Amino acid sequence: MRTSTGARAGQYVALLAYLVFLGFPFLWLISTAFKSPRELGTLHPTWIPRHPTFANFRQAFDEQPLPHAVLNSLLAALGAALIAVVIATPMAWVMARRRTLLARAATGWVVVSQAFPFVLVIIPLFLVLKNLRLIDSLAGLVLVYVVRSLPFALWMLAGYVRAVPAELEEAAAVDGAGKLRTLVSVTAPLLAPGIVATALFAFVTAWNEFFFALVLLKTPEKQTLPVVLTHFIGAEGVADLGPLAAAAFLATLPSLVVFALIQRRITGGMLTGAVKS
Amino acid sequence: MRPKWILVLVVGLLLAGCTGGGGYGSAGGRITLRFQSLAWQEESVTANKELVKEWNATHPHVKVDYVQGSWDSVHDQLLTSFEGGEAPDIIHDASDDLADFAYGGYLADLRDLLPARLKSGIAQRSWETATFGDGIYGVPFLQEPRVIVANATWLKKAAVRIPTAEHPWSWPEFRDITRRLSGDGKYGVAWPLKEPVSATLNLSLSAGGELFHRGADGKVAVRFDAADQVVPRTIHDQADVDHSASPTTLGSGGSDTLPGFFGGKYAMVPLGFSYRQQIVQQAPKGFDWQVLPAPAGVDGLAQGVSPQTLSIAADSPHKKEAAAFIDFLLRPENMVRLALGDWMLPTGTEALKDPALHTAKDGWATGAALAPHLRPAPAQSVRGYPEWKDKVATPAFQEYYSGAIGLAELRKRLVRDGNLVLARYQR
């Protein structure tokens with residue numbers, strides 16, 4: 001069907017408006033990060049700082065252990081994403097392929113488990129981790145993030161598994177491949193886009209998580225970025241806006257890099273899947 | 001190869017992250033205390049860290065670790081830490097956050113731990129903010145009155161009487177002056193009332209309003225008498241009758257009003273005393289501003305405050321050492337350093353005499369003159385106050401100030417709905 005010029009122009013305008021909507025906070029964040037306190041207090045703010053300064057970045061680095069925080073967040077998020085997909089992939093395969101009552105009940109439980117407010121589980125969780133001597137360690141935090149993202153990861157991946165034709169696996173079985181071999185060599189490559197999307201979900205969830213990190217990590221050098229960013233905020237929500245924006249801008253860079261790298265994988269995985277199916 | 005390499009790196013670093021942690025308490029005869037501070041402004045963090053460093057340099061057997069907390073989430077974080085037995089030894093918080101922890105048995109009673117010097121060096125009315133039942137559960141050390149920050153040039157030009165702590169404005173005079181300063185799209189005052197309840201209640205003390213009344217049986221009831229109505233009516237009439245208060249700032253925080261203040265839209269902004277730091281940083285060059293006392297009523301300049309406090313965890317195995325550290329941190333000269341770092345007033349009577357707090361520059365003298373008039377916030381020890389504030393009072397005041405409801409409806413909600421909430425906590 002041919003699209004009229006007017007309709008196409010409308011689509012471009014809508015897309016542009018959406019991009020502006022998405023990009024505005026980030027561009028404003030960058031602008032704020034380079035403004036002096038006096039420029040931040042002006043009634044008529046400008047996009048481009050009139051007197052750009054690195055003072056906010058200097059202050060942010062002087063006051064808080066930002067490099068540690070970025071590294072900790074990266075470790076926690078990458079670790080959580082990696083472990084979540086390693087565990088979720090075979091589980092999702094079982095859930096999708098075995099249409100038993102148990103599998104359906106498990107799917108239901110996965111959905112229900114997402115409804116629990118985390119504040120209800122934090123104290124028992126804290127006590128369990130304390131007994132395991134995992135308080136104030138990144139490993140404990142990763143464990144929590146994996147448990148937290150696993151239900152949704154399972155749900156997501158099960159959908160991707162169902163999209164893979166079961167006939168391919170049956171053909172592999174006929175050729176003598178075992179279940180593990182079938183999963184690793186036949187199904188997993190076709191699931192690549194789904195695995196990458198699930199990993200992205202787990203990464204972003206962990207990267208942005210604040211409350212568990214706040215409660216579980218005590219040593220300043222072990223705190224993650226969202227926790228450290230709150231140190232620029234005072235009582236009744238008063239904020240040291242310049243250093244906060246500078247730190248938040250730096251905080252977005254690693255996740256942007258991860259997104260850029262993984263996005264290519266999603267595209268590549270999708271194409272690979274298309275050819276094979 | 002690359003995915004394998006990344007996997008090895010991540011797992012290796014995670015294992016590295018596993019190690020360490022814990023280790024608080026005593027090892028080899030050396031005690032380690034954790035001090036969780038909520039200092040957040042650059043100068044304040046520096047002052048706290050310097051004092052910890054000085055302590056550590058002079059006390060080789062009791063080491064203090066500085067841990068940064070955050071105001072935004074301190075209550076939930078502490079609650080979890082208390083339940084898990086992992087709370088910091090020394091806890092920085094605000095007095096109005098202590099009641100639940102004190103009644104819950106999480107905080108140590110400080111009466112037998114603190115030296116006489118510290119006890120007598122802080123006014124009784126400040127100690128009342130951290131006293132629950134018979135015990136004292138925090139040392140109040142910094143307090144923040146609400147003041148009016150004014151555009152000095154504008155006030156001079158309008159030839160209005162400039163109030164002092166000795167001769168403050170009355171509430172009717174304040175209303176009259178804001179009316180005179182308004183017009184042509186400009187406003188005499190901008191009330192930042194994102195959190196309308198504490199501002200209203202604390203300022204109402206000046207007019208004799210207490211709102212919470214404790215009966216002989218110890219139970220608290222809400223009343224909304226004539227004295228309680230003075231401040232809310234003034235704000236309401238400025239915004240909705242005189243149009244001398246900006247309607248747009250009623251839902252804003254203090255920082256949000258500053259650009260308009262610097263830009264000449266508002267002549268005055270009632271703010272917490274510590275906002276002066278932002279004003280010094282952000283005001284355009286040549287902008288002439290001054291600090292004025294809040295208006296006075298039948299009870300003079302009285303207003304409620306919830307001081308910042310230092311407490312000791314009930315589970316801390318080293319309470320005596322923790323109390324000694326608090327004593328060190330709150331020596332008069334150190335209290336002054338903390339006060340200057342936070343742009344607040346110290347609670348200590350000796351510290352308050354320090355000349356640095358009586359300079360006219362940046363309004364310090366005006367603030368220091370208010371110190372004797374500061375009282376415990378009315379809601380300080382009222383159990384159920386947070387729920388009353390969030391569910392009943394905040395929406396009721398917001399609607400009243402915006403003109404959506406009248407005074408009768410405000411009273412009905414504060415009193416009838418409010419007492420239902422409080423009753424649940426007092427059965």
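Naming: A, B, ... by sequence-line order, numbering from 1 per chain. All figures in this text were calculated on a predicted structure; none of them were measured in a lab.
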_Partner set under ring pair (Phe, Tyr, Trp, His ring centres under 6.0 Å) for Phe232(A), not counting sequence neighbours_ =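 Result, ring pair (Phe, Tyr, Trp, His ring centres under 6.0 Å) vs Phe232(A): none returned.
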*Of all residues at least two apart in sequence or in a different chain, which pass the ring pair (Phe, Tyr, Trp, His ring centres under 6.0 Å) check with Trp191(B)?*
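In terms of ring pair (Phe, Tyr, Trp, His ring centres under 6.0 Å), with neighbours along the sequence ignored, Trp191(B) is linked to no residue.
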*Between atom CD of Gln282(B) and atom CD of Glu39(A), what is the distance when rounded to the nearest 0.5 Å?*
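Gln282(B) atom CD to Glu39(A) atom CD measures 11.5 Å (nearest 0.5 Å).
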_Just verifying a value: how many Å separate Phe262(B) CZ and Leu40(A) CG, rounded to the nearest 0.5 Å?_
11.0 Å
Does any backbone or side-chain atom of [X] lie under 4.5 Å from a heavy atom of chain A? Answer side chain, backbone, both or neither.
X         : result
Phe261(B) : neither
Glu86(B)  : both
Lys194(B) : neither

_So which residue, Ser36(A), Gly41(A), Pro45(A), ends up with the most heavy-atom pairs under 4.5 Å with chain B?_
Gly41(A)
State whether the number of non-hydrogen atoms from other residues, nucleotides or ligands found under 6.0 Å of [X] atom [atom1] is greater than 12.
X         : atom1 : value
Lys63(B)  : NZ    : yes
Leu256(A) : CG    : yes
Phe24(A)  : CZ    : yes

For a quick test of reading the model, state the closest non-hydrogen atom pair linking [X] to [Y] and the distance between them.
X         : Y         : value
Trp40(B)  : Asp240(A) : CZ3-N, 3.4 Å
Glu63(A)  : Lys49(B)  : O-NZ, 3.8 Å
Gln223(A) : Gln68(B)  : NE2-O, 3.9 Å
Leu127(A) : Glu83(B)  : CD2-O, 3.7 Å
Val238(A) : Ser255(B) : CG1-OG, 3.8 Å

*Determine which residues belonging to residues 70-80 of chain B lie within contact range of chain A, meaning some heavy atom pair is under 4.5 Å apart, and list them by number or answer 'none'.*
Ser70(B), Trp71(B), Ser73(B), Asp76(B), Gln77(B), Thr80(B)
*asked:* Heavy-atom cut-off 4.5 Å, strictly under: side chain, backbone, both or neither for Thr42(A) against chain B?
replied: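 The backbone, not the side chain.
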*Quick one: of Ala283(B), Ser198(B), Pro284(B), Gly253(B), who has the most non-hydrogen atom pairs under 4.5 Å with chain A?*
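The residue among Ala283(B), Ser198(B), Pro284(B), Gly253(B) with the greatest pair count is Ala283(B).
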*Heavy-atom pairs under 4.5 Å with chain A are the metric here; pick the option from Gln41(B), Gln278(B), Glu195(B) that has the most.*
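So the answer, after comparing Gln41(B), Gln278(B), Glu195(B), is Gln278(B).
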_Filter on side chain to side chain donor-acceptor pair (under 3.5 Å), then keep only pairs touching residues 139-148 of chain A, sequence neighbours left out; what's left?_
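Those involving residues 139-148 of chain A are Tyr145(A)-Glu209(A).
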